[in-house]
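Working notes, structure below.
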Amino acid sequence: RCFWGWLNAVFNKVDYERIQAVGPDRAASEWLLRCGALVRYQGYQKWQQDYNGLPTGPLGKYKIEAINATESCIMYRGFDYLDGLEHVTEIKLQKCIYIQDECLQRLSETKNLQKSLLQLKIISCGNVTDKGIIALHKLMNLEYLYLSDLPGIREKETTVRILQQALPNLELELDLE
């Protein structure tokens, strides 16, 4: 288990020169696919899942619109890749063992995501607590938030109330025990 944790940390190391060379969407695509996540590009229906099948073409042509990080090894260390993404409207974090409160805080503090992110699903991420969910209040354009199977959420009513006060237009769907 220690070896895999180390390897996953390597996969999440941010290569700032690569971001400069190929642009934020391509670099983030490479990071996400390396970690086992899927991406969908603006204007395309199909999810990109094969690292070796990443589309080529003019830099900047493919803009990430959606991220499905189900069972991926993305972690806080790699979140700098999200900074340059301007078109991400939906993110799904499901069964992500490395996602914790700090990741959600970082997500909500990412300026571009504050503008573009409309839908967020957080499912079966055991390290997420009320603190991480409350941090999402900075995602001012978030329209839909789905929370399911999050045992770290202990103050459900308080957390929901804080989010709904901060984001009155948010549709919040809960499947929490």
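- Between C103 and M75, the shortest heavy-atom distance links the atoms SG-C, 4.4 Å.
- When atom types are taken as modelled, the side chain of T129 and the backbone of G152 share no donor-acceptor pair closer than 3.5 angstrom.
- Salt bridge present: R106 and D83 bring a charged side-chain N and a carboxylate O closer than 4.0 Å.
- With D80 contributing its side chain and V14 its backbone, the two residues share no donor-acceptor pair below 3.5 Å.
- Side-chain contact between I74 and L93: present, with at least one pair of heavy atoms (C-beta onward) separated by less than 4.5 Å.
- Of the N and O atoms on the side chains of D25 and Y41, not one donor lies less than 3.5 Å from an acceptor on the other residue.
- Residue L85 holds its CG atom at 16.0 Å from NZ of K111, rounded to the nearest 0.5 Å.
- Put simply, the side chain of V22 reaches to within 4.5 Å of the side chain of L59, judged on heavy atoms.
- Residue-environment remark: CD (Q42) exceeds the threshold of 12 foreign heavy atoms within 6.0 Å.
- For E173, the CD atom is densely surrounded, since the number of other residues' heavy atoms within 6.0 Å is greater than 12.
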Quiz prompt | Residues H137, I162; criterion side-chain contact (heavy atoms from CB on, under 4.5 Å); working and verdict | solution = CA-CA 8 Å; H137 77 277; I162 291 170; 5.6 Å; no

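- The neighbour count for Q49 CD, taken as heavy atoms of other residues, nucleotides or ligands under 6.0 Å away, does not exceed 12.
- Within the 4.5 Å cutoff, no side-chain heavy atoms of L32 are placed close to those of S72.
- With values rounded to the nearest 0.5 angstrom, L172 atom CG is found 10.5 Å from L120 atom CG.
- With rounding to the nearest 0.5 Å, the separation of CD in E171 from CD in E143 is 9.5 Å.
- Two residues are said to be in side-chain contact when any heavy atoms from C-beta on lie closer than 4.5 Å; D130 and R154 meet this criterion.
- A salt bridge does not link R161 to E157: none of the charged side-chain nitrogens sits closer than 4.0 Å to a carboxylate oxygen.
- No side-chain heavy atom of E90 sits under 4.5 Å from any side-chain heavy atom of E65.
- Between the CG atom in L150 and the SG atom in C125 there is a gap of 6.5 Å [rounded to 0.5 Å].
- In this structure, I64 and S29 approach most closely via the heavy-atom pair CD1-OG, 3.4 Å.
- Put simply, the side chain of R26 gets close to the backbone of P55: a donor and an acceptor are under 3.5 Å apart.
- In this structure, I122 CD1 and L107 CG are separated by 7.5 Å, a value rounded to the nearest 0.5 Å.
- One distance of note links CG of L139 with NZ of K115; it measures 12.5 Å at 0.5 Å rounding.
- Looking at S108, its side chain never comes within 3.5 Å of a backbone N or O of K138 through a donor-acceptor pair.
- Remark: side-chain polar atoms of E71 are not paired, donor with acceptor, to backbone N or O of C96 under 3.5 angstrom.
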